[in-house]
Amino acid sequence: MPAFLFFFFICNVAGAQTAMINVQSRKLTSLNGKWNVIIDPTSAGDNMQVWLEKKPQKKTDFFEYSFQGGQVLNVPGDFNSQLRELTYYEGTVWYKRIFNYSPNNTKRIFLYFGAVNYLADVYLNGEKLGSHEGGFTPFQFEITNKLRSGRNNLIVRVNNLRKKNGLPGIGYDWMNFGGITRDVDIVETDRTYIEDYNLQLKKGSLDTILGFVELAGIGGDQNVAVKIPELKLIYKTKTNSKGVAMVQFSSAFKLWSPKNPKRYKVIIESETDAVTDTIGFRNIVVKGNKILLNGKPIFLKGVNIHEENPYKGARSFSKKDAVVLLNAAKALGCNMVRLAHYPHNENMVKEAEKMGLMVWSEIPVYQHIDFADPVVSDKMDRILRAMIGRDKNRCGIIIWCLSNETYPGTPNRNNALINLTQECRGLDSTRLITHVANTQRYQNNTFDVRDTLYRYCDLVSINEYLGWYVPWQGKPSDVKWNVVCPDKPVFISEFGGEALYGNKSGPIDEAAYRTEEYQAQIYRNQIQMFNSVPNLSGVCPWLLYDYRSLGRLHPVYQRGYNRKGLLSDKGKRKKAWYVMKAYYSGI
Ligand code: GCB
């Protein structure tokens, strides 16, 4: 049984199911648009059973809620940026949407959510379908036997309170955008449908695809075909008793790369279903101390990006939002983006791939994670599978990042993350795996990079803020390095500092005044230091745009924004932008 099938089983038991793959190529009815909402700061609606929408039966019956006459919010979209009163809101919002449907009795029907941050309890026509935890991955419910012909009433209780044992936990340096933040669709499939498939080059190969196609709702001996019309390729196979067909074939593919982001139209067919995808093929490995893309060394010219449209101060979700962010990365001269610190929406991943940007995708195992709580391991496991499950056919993704700046002293941290790494390798051996740490010591202008997690990684990823949180202790070009895995490639996954665009007001050599010149100087120094890093395979400034964050309170320089952007929240280029751009164009 492929691991994905196993997970489908677990999730069925828990409530929400793992989402089927490539939902965009199915018959969809969008439930995006205006939804009625009730803002419920104390979750009083739980006792009142809002999902039943009771109406008074006699004169003394009264209810303390109603969707009618209340507020309206756009879906998809975070709620914080839509209503001023919700700017920093963390709590419950009830969403309601009435829709009409004429179910076709020969089909199966699913209710699909691209993402809801953070907890979702979903009710259809007064009946609870189930719950889902985790703000950045898709989930679904089968509603074949629950949908009514005609009018249906969908209510979702969304709660974005931060949780000690959540992913992320209580503390994080970005905006806690709550709500139904990605698309909602009704999906219609055949009784037997293509639930999942994996079509990527086998580890180390430039011409052989190794993967599977998995059907839901059927046992063995079904015919399955994978077609790539441009290559005149038709590969035929059959499912086994579990509905899984193994796939292996070779062809002279034009390989995907940043210079030539070639992708093919691929049709996956069973006897009763067909889906179409656009898939590229490339090979990414670490050999010795180098990263090789399609057999050739590559230097990762990255930039960190949060899932926020700076011009709207809102969670981004659309293709348009993705293009805004990715065009800016391109303009900087990047060939790679780190999508920090959680799985971004599919538009982002697909557009990046289309534009020739390699992608680093990450799960929200961020800083203060309560590894000692046994439920945390289950949650990590689930979100890892959901991330890989959704995006495993995206050749643009070259790196799975499994944690960022967790604390080695936290009980069970190493065990939990080592297990997660092994699990990730089992699920997908074709991409690079990394953890980001900032546990290095820096003394006498020397870095001591010792985190145990690096032993399990393909890539040693280091966040360091020399010149910002940590003062330089000597000349940048003289920094010395002792790295625990001296043979592995090293990636500087974060560096930088804050500047308020246009600010020249303070002493230019003091970080606290956040001048553009100070930030630019950090970048000049860092670039000098890069020459000293052994096996340097790429760098990634923190970050592209200024972004909204919970803990950035300075009334003059920050006003609720982390100002480490190379671009302001209005897209203005700071001095450091030009320094970084010149560095990238020289490589
Ligand atoms: C970090 C974190 C990133 C923060 C950044 C900062 O190390 O990984 O999420 O926002 O520092 O600005 O301090």
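Numbering starts at 1 and runs along the sequence shown. Keep in mind that this is a model prediction, so the values were computed, not measured. Atoms within each ligand, like the ligands themselves, are counted from 1 in listed order. These numbers come from the heavy atoms of this one structure, side chains and all, not from hydrogens, waters or symmetry mates.
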Peer 1: Using the ring of Tyr342 (Phe, Tyr or Trp, six-membered ring only), decide whether Arg315 places NZ or CZ under 6.0 Å from its centre and within 45 degrees of its axis.
Peer 2: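 Because its charged atom sits under 6.0 Å from the ring centre and within 45° of the axis, Arg315 does stack over Tyr342.
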Peer 1: With a 4.0 Å cut-off on N to O distance, would you call Arg394 and Asp391 a salt bridge?
Peer 2: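 No.
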Peer 1: Should Asn463 be listed as contacting ligand 1, given a heavy-atom distance under 4.0 Å as the test?
Peer 2: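 Contact check Asn463 vs ligand 1: positive.
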Peer 1: Any idea which atoms of ligand 1 are less than 4.0 Å away from a heavy-atom of Tyr547?
Peer 2: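 Near Tyr547, the atoms of ligand 1 are 10 (O).
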Peer 1: Under 4.0 Å, counting heavy atoms only: does Arg552 come that close to any atom of ligand 1?
Peer 2: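 Arg552 counts as a contact of ligand 1 under the 4.0 Å cut-off.
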Peer 1: Would you mind checking if Lys504 and Glu517 are paired as a salt bridge, meaning a charged N to carboxylate O distance below 4.0 Å?
Peer 2: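 A salt bridge is absent here (no side-chain N lies under 4.0 Å from a carboxylate O).
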Peer 1: Answer yes or no for Tyr366: is there a heavy-atom contact with ligand 1 below 4.0 Å?
Peer 2: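 Heavy atoms of Tyr366 do come under 4.0 Å of ligand 1.
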Peer 1: Could you say whether the N/O atoms of Asp173 and ligand 1 ever approach to under 3.5 Å?
Peer 2: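 N/O-N/O distance below 3.5 Å exists for this pair.
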Peer 1: State the atoms of ligand 1, each with its element, that fall below the 4.0 Å cut-off from a heavy-atom position in His341.
Peer 2: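 Answer, ordered by atom number: 3 (C), 8 (O), 9 (O).
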Peer 1: For Arg338, is there an ion pair with Glu494 - N to carboxylate O distance below 4.0 angstrom?
Peer 2: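 A salt bridge links Glu494 with Arg338.
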Peer 1: Which residue, Asn412, Leu417, Ile418, forms the side chain to side chain contact (heavy atoms under 4.5 Å, CB included) with Asn415?
Peer 2: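 Among the candidates, only Asn412 passes.
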Peer 1: Which residue supplies the protein heavy atom nearest to atom 7 (O) of ligand 1, what is that atom called, and how far is it?
Peer 2: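 The closest one turns out to be Glu405 OE2, 2.3 Å.
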Peer 1: For a side chain to side chain contact (heavy atoms under 4.5 Å, CB included) with Pro489, tell me which candidate from Leu292, Thr434, Leu459, Val460 qualifies.
Peer 2: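 The residue from Leu292, Thr434, Leu459, Val460 that satisfies side chain to side chain contact (heavy atoms under 4.5 Å, CB included) with Pro489 turns out to be Leu459.
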Peer 1: What protein heavy atom sits nearest atom 8 (O) of ligand 1, and how far off is it?
Peer 2: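 Protein heavy atom with the smallest distance to atom 8 (O) of ligand 1: Glu494 OE2, 2.7 Å.
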Peer 1: Measuring from atom 5 (C) of ligand 1, which candidate in Tyr465, Trp174, Tyr469 has the nearest non-hydrogen atom?
Peer 2: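 Nearest heavy atom to atom 5 (C) of ligand 1 lies in Tyr465.
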Peer 1: Which atoms form the tightest heavy-atom contact between Leu500 and Val556, and what is the distance?
Peer 2: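 Reported closest heavy-atom pair: CD2-O, 3.7 Å.
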Peer 1: Checking contacts here: is it the side chain or the backbone of Val436 that comes within 4.0 Å of ligand 1, counting heavy atoms only? Could be both or neither.
Peer 2: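 Neither part.
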Peer 1: What atoms of ligand 1 come within less than 4.0 Å of a heavy atom belonging to Lys564?
Peer 2: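 Here the atoms of ligand 1 in question are 6 (C), 12 (O), 13 (O).
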Peer 1: Do the side-chain N and O atoms of Asp381 and Asn419 include a donor-acceptor pair separated by under 3.5 angstrom?
Peer 2: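 Asn419 and Asp381 do not have a side-chain donor-acceptor pair below 3.5 Å.
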Peer 1: Any heavy atom of Phe495 closer to ligand 1 than 4.0 angstrom?
Peer 2: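 It does not, in that no heavy atom of Phe495 comes within the 4.0 Å cut-off of ligand 1.
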Peer 1: Going by the order shown, which atoms of ligand 1 are within less than 4.0 Å of some heavy atom of Asn404?
Peer 2: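 What qualifies from ligand 1 is 8 (O).
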Peer 1: Pick one: which of Phe177, Tyr545, Trp174 meets ring pair (Phe, Tyr, Trp, His ring centres under 6.0 Å) with His306?
Peer 2: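 By the ring pair (Phe, Tyr, Trp, His ring centres under 6.0 Å) criterion, His306 pairs with just one of Phe177, Tyr545, Trp174: Trp174.
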